[in-house]
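Structure first, then comments.
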Number of protein chains: 2
Amino acid sequence: MSRPSPKWRRRKEARPGEIVAAALEVFAERGFAAARTDDIARRAGVSKGVIYLYFATKQDLFRAVVRDAVTPNLAVVEAAVAGVDLPFSSTARVMLSVLTEVMATSQLGSVAKMVIAESGNFPDLALIWHEDVVSRALGLAARHIEQAQAKGEVRPGDPRIHAFSLVGPVLTGVLWREVFAPVGVPSFDLKAIAEQHIETALEGLIP
Amino acid sequence: MSRPSPKWRRRKEARPGEIVAAALEVFAERGFAAARTDDIARRAGVSKGVIYLYFATKQDLFRAVVRDAVTPNLAVVEAAVAGVDLPFSSTARVMLSVLTEVMATSQLGSVAKMVIAESGNFPDLALIWHEDVVSRALGLAARHIEQAQAKGEVRPGDPRIHAFSLVGPVLTGVLWREVFAPVGVPSFDLKAIAEQHIETALEGLIP
DNA sequence: TCTTACTAACTGACCCGTCAGTTATTTCAT
DNA sequence: ATGAAATAACTGACGGGTCAGTTAGTAAGA
């Protein structure tokens, strides 16, 4: 009996990430107020006190969840269309399929739901989300649309509203999945929405 | 001084509606869990006990809020396009402008936000919302699109995804307003989005 | 043996739901 | 008509449960 396996291990470096991951799950399921720190701790495999070694308050933890989910995805879409100079139809296709891929594989959908839900209680988060994600993505799309309009490749009109026309259906599909999939309503395939919609957006519904 | 004005009046019929209206405000601002029944009561001009004369629990009140906000708006969009047999482009225009009008003037935007936020905690509400609102509206649009496809007026493709293409940008605009307007980010005019987008959806972005 | 990551029991604030008491309104007797 | 008795809408203080955050003590690791 050299060593009985310990009841727990000291893992200072791994804890914060594990706690944030567990918190994302619980916050996404229950919302901020109804999420219990005990549940988050249990799901992260630690006791509640550990949370408060790494995060000052539950609110801080929530902010960290949003930040960590957003940050790595920020650059992806931007990088995908940076510096390319293709016809607008190609650029638009790339933008929408990359956005769809990111929304489908990352946790951005859950986080978006959380930000929508808690915008009233966390105005600062709504602002950060706007500045770091929404306005950036919308601005990127609008800029490309504006350039294409200058070349006569896209019809006149507010380029930011054109951006809405482009991404709105996919975002609606993401929220559909977040809300209805857990209660058993069949979801739409995001990729199918994106692929059919990009044709509609470019060519119109009328043949 | 025949009668000193009373501290309160008995208004059995008016109370439930006033309480639901106040609850909608507070729930929309704070979310279900963070909303305090005391606040709702104060805003309705009654004491907290009155809430429990008319509603069994806070959850019941929440359900009543969602039901009452949905019910009167259900028929409006359906009525607008029932029995008409116009070219698809006209039908689509009517559908989208009526939907936009309803979303802009009613409380459906706030309620949608609440349902998104609390779908995890109130699966029954998510189901009701799906059956009574979303699936009905989507089915209505999809049916019209299908008929138009049969006449060759609309390109092939999943009619329900085509419906997403039609309404997605407006719904995105509604949520934008719900989330960002309270924190000072300028909103888009829903009508402007609808009017520009319907052209895009019908004719495409490419001239 | 000493440091510290971690546990688990604890505290205190908060808030839902209750209920004993209060007051507006109605009904009934005169 | 008029006041007294009955009814029921309403108030507001409080009990009790829940949960965020704290801390005394334990065990891992060096």
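So you know, we letter chains A, B, ... as the sequences are listed, proteins then strands, and number each from 1. Just so it is clear, the structure is predicted and the values come from calculations on it, not from any experiment.
For the OP1/OP2 pair of D:dA9 and a distance below 4.0 Å, the side-chain nitrogens and oxygens of B:R9 include no atom meeting the criterion. Taking side-chain N and O atoms only, A:Y52 has no distance below 4.0 Å to OP1 or OP2 of D:dT23. For B:R15 and D:dA9, the shortest distance from a side-chain N or O to OP1 or OP2 is not below 4.0 Å. Close to D:dA20, at under 4.0 Å from its OP1 or OP2, lies a side-chain N or O of A:T37.
If you measure from atom NZ of A:K58 to atom P of D:dG21, you get 8 Å, rounded to the nearest angstrom. Rounded to whole Å, atom C1' of D:dG21 lies 13 Å from atom CD1 of A:I40. Between the C1' atom of D:dA20 and the CZ atom of A:F62 lies a distance of 16 Å, rounded to the nearest Å. Separating the CD atom of B:E13 from the P atom of D:dA8 is a distance of 14 Å, rounded to the nearest angstrom. Rounded to an integer number of Å, the gap from B:K12 NZ to C:dA24 P is 19 Å. The separation between B:R42 atom CZ and D:dT11 atom P is 12 Å, rounded to whole Å. For B:Q59 and C:dC15, the CD to P distance is 17 Å, given to the nearest whole Å. Atom P of nucleotide D:dC10 and atom CZ of B:R11 are separated by 8 Å, given to the nearest angstrom.
The side chain of A:R36 approaches D:dA20 more closely than any other nucleotide in the set D:dC10, D:dT11, D:dA20.
Residue contacts for A:A35: at a heavy-atom cut-off of 4.0 Å it reaches the sugar-phosphate backbone alone, with no base atom in range. Using a 4.0 Å heavy-atom cutoff across all strands shown, B:F55 reaches no nucleic acid atom at all. As judged by a 4.0 angstrom heavy-atom cut-off over every strand, A:A41 is placed among residues making no nucleic acid contact. Residue contacts for A:L53: at a heavy-atom cut-off of 4.0 Å it reaches a base atom on one of the strands shown. Backbone-only engagement by A:K7 is indicated by non-hydrogen atom pairs under 4.0 Å involving sugar-phosphate atoms exclusively.
Two residues, B:D38 and A:V50, neighbour DNA chain C, and the one matched to the more 5' nucleotide by heavy-atom proximity is A:V50. Each of A:W8 and B:W8 was matched to the nucleotide of DNA chain C holding its nearest heavy atom; the match closer to the 5' end belongs to A:W8.
Of the possible donor and acceptor atoms, one in the side chain of B:K58 sits under 3.5 Å from a partner among the backbone N and O of B:A35. Proximity of a side-chain donor or acceptor of A:H197 to a complementary backbone N or O of A:S165 within less than 3.5 Å is detected. Checking side-chain atoms of B:Q149 against main-chain N and O of B:P159 turns up no donor-acceptor pair under 3.5 Å.
With hydrogens and angles ignored, a donor-acceptor pair under 3.5 angstrom links the side chain of A:K48 to the base of D:dG21. At a cut-off of 3.5 angstrom, the base of D:dA9 holds no donor-acceptor pair with the side chain of B:R10.
Note: A:F62 and A:F122 have tilted aromatic rings, judged against thresholds of 30 and 60 degrees for the angle between ring planes.
Ring-centre distance between A:W129 and B:F180: not below the 6.0 Å cut-off.
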